[in-house]
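Take a look at the structure below.
Atoms within a ligand are numbered from 1 in the order they appear, just like the ligands themselves.
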Amino acid sequence: MTLECNDPRLKSWLPVAKDSDFPIQNLPFGVFRTATSSPRPGVAIGEHVLDLRAVAGLGLFRDVDARLDDAFSAPNLNAFLALGRPVWRAARARISELLREGNTTLREQKVAIETLLPRMAEVTSCLPIAVKSYVDFYSSEEHATNVGKMVRDPNNPLLPNWKHIPIGYNGRASSVVVSGVDFHRPMGQIKLPNEEAPLFAPSKSLDFEVEVGSIVGKETRLGEWVSPEQAEEHIFGLVLLNDWSARDIQTWEYVPLGPFNAKSFCTSISPWVVTLDALAPLRTQGPAQNPPVLPYLRFEGLKSFDLNLEAWLKGRGSADEIRICATNFKHMYFNMHQQLAHMTSNGAPLEIGDLYGSGTVSGKTPDSFGSMLEITWRGTQPVSLPDGTQRGFLGDGDTLTLRGYGVHDGVRIGFGEVKATVLPALQRS
Ligand code: MN
């Protein structure tokens, strides 16, 4: 059933451009609203969005699972996720069938086709899930090495624990936003190198981080823990994630307990959750892990994904964006299965709607570094923009966009984009 939905020969009766992120083999789930409607679940197809609440209203999911009518009436995907993978798969199969070339079911309904399938350009994306907990990992060896070289010891950049533990910290779920939501540059404590005391001021080294977020669709009980193999059952799908970071605030606060305000002010995710089923053809081998990890982190099979990830920067007032990073998710040292196995290894439960950030995805070469910190080497090698201005870190009015996709058998499975503009700090008088 799943394989059938991924068949490269499938075509939709809707026009889908060759380079679209959302062919019929993808069918990512999200939440959207129109000018006149409330937030509702949808599926992206080409330049359109299938309104799942409206389709459920026509009774077209009733024979798949009667609970889908309620799930698709909700303002987020959590109730759908709670139904479990067999229902996720069955719903995706029905959607694939309805959109497949030759199927006239949707066009034969009394409801106008424009209502069932509004144009993506005319809808507003909403946060796809009610985020329960947000954890961010630090699992790219290249990223951890670059940061270690800059802030610790160039000759010994990785801490002794790094190749044994998928390092992470608990982030803040309340500030996770969807693409298109702009945010204010954070205020915070900053200690300048030549001053003895810190000051409270807008961050001067605002950064982005190219990441992939995994969304949990099945909970565990307190005390229960999952193996990397079992973790698979708990992951619904993936989004692009930008872990906005204030490097000056981070430098002053992170010892001894790790990042706090430097990271918690905003985290942006892309609107469309690409299911693990749709990503199946993009599975690949990750890097060899040496020294071997402890038994609770061992895994077999393909647990990494061949996904091209890009960051694009548009300077304030500029019409053009430039690509400042092109990397690949397959470089990550620890995979998300190991991350979830580690996180639950002490008995901490997973909840439906949890979001797990992969950690900054950096490659080996400077054009594949996943943050400004690395690209400009802490601001010492600024990026030149088309208008002649330079950036060591992000300026007010700058827009940063992440894009991601993989291609297999000529089929492109994409994420769309996650984009936001930096607004000036809100200063108290
Ligand atoms: Mn991060």
Side-chain angles (χ1 to χ4, degrees), residues 131 133-152 157-159 161-162 165-177 179 183 185-186 188 203 205-216 238-255 257-270 307 309-311 324-325 327-329 331-336 338-340 342-343 354-363 368-376 378 393-394 400-402 404 415 418-420 422:
V131 183
S133 293
Y134 164 51
V135 166
D136 192 37
F137 287 96
Y138 189 60
S139 289
S140 155
E141 183 175 0
E142 289 77 13
H143 174 69
T145 301
N146 286 336
V147 174
K149 280 181 186 169
M150 275 182 263
V151 307
R152 283 174 11 90
L158 286 186
L159 284 162
N161 61 9
W162 197 87
I165 301 177
I167 300 289
Y169 64 92
N170 284 297
R172 192 142 184 88
S174 63
S175 55
V176 176
V177 298
S179 178
F183 64 95
R185 173 182 301 274
S203 168
S205 39
L206 182 61
D207 202 350
F208 68 91
E209 290 187 342
V210 176
E211 300 198 22
V212 173
S214 46
I215 288 172
V216 163
L238 307 184
V239 290
L240 300 175
L241 184 149
N242 184 346
D243 176 29
W244 302 99
S245 303
R247 300 302 180 193
D248 40 8
I249 298 172
Q250 188 175 359
T251 306
W252 175 235
E253 76 177 4
Y254 87 102
V255 178
L257 285 184
F260 194 57
N261 281 7
K263 299 279 196 168
S264 60
F265 58 94
C266 187
T267 305
S268 301
I269 63 171
S270 54
L307 296 172
L309 304 172
E310 299 175 350
I324 56 173
C325 165
T327 183
N328 194 299
F329 191 42
H331 297 315
M332 299 305 276
Y333 190 82
F334 290 108
N335 57 57
M336 62 183 126
Q338 292 179 301
Q339 292 172 336
L340 291 198
H342 179 67
M343 209 227 54
D354 278 0
L355 175 66
Y356 293 90
S358 59
T360 308
V361 185
S362 288
S368 64
F369 292 168
S371 66
M372 289 294 270
L373 179 72
E374 297 162 271
I375 295 167
T376 70
R378 241 182 171 177
F393 287 96
L394 299 173
L400 199 288
T401 305
L402 305 184
F415 288 81
V418 54
K419 172 193 260 187
V422 180

- Which value, rounded to the nearest 0.5 Å, describes the distance between Ser270 atom OG and Leu402 atom CG? 8.5 Å

- Residue and atom, protein N/O/S, under 2.8 Å of the Mn ion (ligand 1): Asp136 OD2, Glu209 OE1, Glu211 OE2, Asp243 OD2

- Item | More than 12 heavy atoms from other groups under 6.0 Å of CZ on Phe260 | no

- Query: Is any NZ, NE, NH1 or NH2 atom of the basic residue among Glu374 and Arg247 found under 4.0 Å from an Asp or Glu carboxylate oxygen of the other?
  - Reply: no

- Item | Arg378 and Leu373, any side-chain heavy atoms less than 4.5 Å apart | yes

- Query: Mind checking whether Tyr138 and Trp162 have parallel, tilted or perpendicular rings, split at 30° and 60°?
  - Reply: perpendicular

- Message: My understanding is that only residues two or more places apart in sequence, or in another chain, count here; which of them pass side chain to side chain contact (heavy atoms under 4.5 Å, CB included) with Val177?
- Response: Val181, Cys266, Ser268

